[in-house]
Amino acid sequence: MADQQEEEDLRMALRMSMQNSPPEPKRSKPRDTAILPATTTPEESRQLQRELMAAAAEKRMLAAAKSAPPSSSQSKNERSGDFEMKEAEKKAKEVNLGNELSDKEAHQLFAMVFGTGVSKDILAQWSNQGIRFSPDPETSMGLVQHEGGPCGVLATIQAFVLKHLLFFPDELGKVAANMPQNLNSRRSKSQYVASNNFSAFTEDTKARALVKSMSEMLFLCGNNKRAVIATLSVISHGIEGSEGSSKDVIIAQALEGLSIESASDLQKVLRVDRYTSPTSAFKRLEAMIPIFQSRMGALLFLISALLSRGLDCVQADRDDPSQPLVTAPFGHASQGISTSVEVGFLTLLESLNFCKVGQNLKCPRWPIWVVGSESHYTVLFALDTAVQDENELEERESQIRKAFDAQDQSGGGGFISVEAFHQVLRETSIRLPSEKLDSLCNSGFIVWSEFWQVILDLDKNLGGLKDSTGQMGRKIFDLYHFNGIAKSDLNGSQATAEGETPVQRPRLTKLRVSVPPRWTPEEFMADAAVAPGNAGSESSQKDAEVAKPEQPPQHAPLADCIRTRWPRAVCNWIGDPPSIV
């Protein structure tokens, strides 16, 4: 009876061990089976069985106790320790010091940007330029540049900032820290005219436009799959929890004496984080705005863009990867822009016949262009999206020019073979009279400018663009030009006891652009200045007066850049001429 009761107790212990209940068995330790005698009695066998069952039950209970959740009787010290550990982990994630670059990556990056033997002056330019808006009310929507160097970085950021400020102001008001980026946001094709009240943008609105722009640009560099954000270890952990101007003070103190003069210097202080989520990247950039506003801001964003693209991809993109990016001798690069872009590009070099900008860069989705000169980058923009619309003349010109360029094997020289010319005529449905065809083909090759003159004099029913009114192709619109370099501005001079003192600030110039309906401005002006004796009729004289620009055209290198986008354009402005240097 006692043996039966003991076996029942053991079975109960086994069941309780399966249910994670803490039984209180009373049993002896099982014996090692290796020392058992060769023969055992039935009583000894039952005893051995009971001990093995008890050992198995005890083993299960110990395993269950280790995996079971803490009971309500857990001590206060244990709970406090767990909470402190979780808080420490949380704070470590918030600080987000980032990852170091490998020695190879650091040397590749530094050599790519600065090359070897870079001067201290160049390094100083790139170590003393933050990404900050101008304090001047008239130019407060623009990023201010204090000295030469990072103009290419600032101008590109400026172009995207203007896109968001001018054409997506409502979305900026809705941006929250937890709102994901919409990289493909588009307004409808209908005309949209932005406000010219640039001083109305609040600091918060401008900061959000900057964050959205930086995030969009980095993801564009990373093929909309990734973004890399670079920061500095000496300041990342110092601004957590601080607010307002105190962040600027903390950052300035952390940067005291910091200089980056070699790849090893860069590796010591640079930290990077990689993001695949636009929301996470947006939050990180938003938290890092004080760092990008610091004197290292422009360099950090350049590094972020290069790493987002990938250093190997950047090298493959370049014509001459042996030259550094920021200290290379001046030159021009080839282009392979095969898709539409958000903001465009124009260059003075095209007007000098050194290169040719493609149509996708000349005609971006938004009327904003980075403008390149021999030594500087600035920004040109319009408030009215209609400046991008093509009229009848421009649409037909684009169609014919596209067919002509497809046959141009001269590398942009503007001439094609006779055989290629006949292909262009077939594709564009142009039927030239035999005498004009023979005249164009006489030399064995066809030049675009001569061909276009024939098209302008050819009747429409033959595929030409002859216009009896003389008004086809005429356009008048306004453009704005922003130069972020802080220069003396006589238009904004301040009165002092000694006289007027020019204000040091970025330059914003409004231009009135007129596109005459003739091939050259000279022809247009000659036709418009109709003598009274040769007026012909009152209506023709009135048409000539309407077509004539309001003022005589003014000239500046920027006007040459504008004419690469709108041939025949003439420009006027008030005050100092716009500067692209």
ring-ring contact (aromatic ring centres under 6.0 Å, His included), that's the test. Do Phe133 and Phe201 meet it? Break it down for me. CA-CA 11 Å; Phe133 286 98; Phe201 297 120; 9.3 Å; no
Closest heavy-atom pair and its distance - Ala305, Cys221: O-CB, 3.8 Å
Holding to side chain to side chain donor-acceptor pair (under 3.5 Å), I want the full list of residues that pass it with Ser351, two or more places apart in sequence or in another chain. none
Test item: side-chain donor near acceptor, Arg565 and Gln388, under 3.5 Å: yes
ring-ring contact (aromatic ring centres under 6.0 Å, His included) with Phe381: of Tyr480, Phe160, Phe477, only one passes, and it is Tyr480
Residues forming a side chain to side chain donor-acceptor pair (under 3.5 Å) with Asp312, sequence neighbours excluded: Gln108
Parallel, tilted or perpendicular: which one describes the rings of Phe345 and Tyr377, with boundaries at 30° and 60°? tilted
For residues Cys571 and Ile562, report the shortest heavy-atom separation together with the two atoms involved. SG-CD1, 3.8 Å
Smallest separation among heavy atoms of Val144 and Pro506, with atom names: CG2-CG, 3.8 Å
Inter-residue atom distance Leu258.CG - Ser127.OG, 0.5 Å rounding: 7.5 Å
Determine the interplanar angle of the Phe167 and Trp366 rings, folded into 0 to 90°, and report it as parallel if under 30°, tilted if 30 to 60°, perpendicular if over 60°. parallel
Could you tell me whether Lys402 and Asp405 make a salt bridge, using a distance below 4.0 angstrom between a side-chain N and a carboxylate O? no
Where the side chain of Trp566 meets the backbone of Val515, is there a donor-acceptor pair that is under 3.5 Å apart? no
Closest non-hydrogen atoms of Ser308 and Leu218, given as atom of the first, atom of the second and distance, are CB-O, 3.5 Å
On the ring face of Trp573, is Arg512 found with NZ or CZ under 6.0 Å from the centre and within 45° of the axis? no
Heavy-atom pair with the smallest gap, counting every atom of Pro321 and Gln315: O-NE2, 3.4 Å
Ser322 and Asp320: CA distance, side-chain angles, deciding distance, side chain to side chain donor-acceptor pair (under 3.5 Å) verdict: CA-CA 5 Å; Ser322 66; Asp320 185 1; 2.5 Å; yes
Donor-acceptor under 3.5 Å (Glu350 side chain, Cys355 main chain): no
Sort out for me which residue in Glu171, Lys206, Glu216 forms a side chain to side chain contact (heavy atoms under 4.5 Å, CB included) with His164. Glu216
Under 3.5 Å, is there a donor-acceptor pair linking the side chains of Ser199 and Glu138? no
Does any donor atom in the side chain of Arg365 or Ser340 lie under 3.5 Å from an acceptor atom in the other side chain? yes
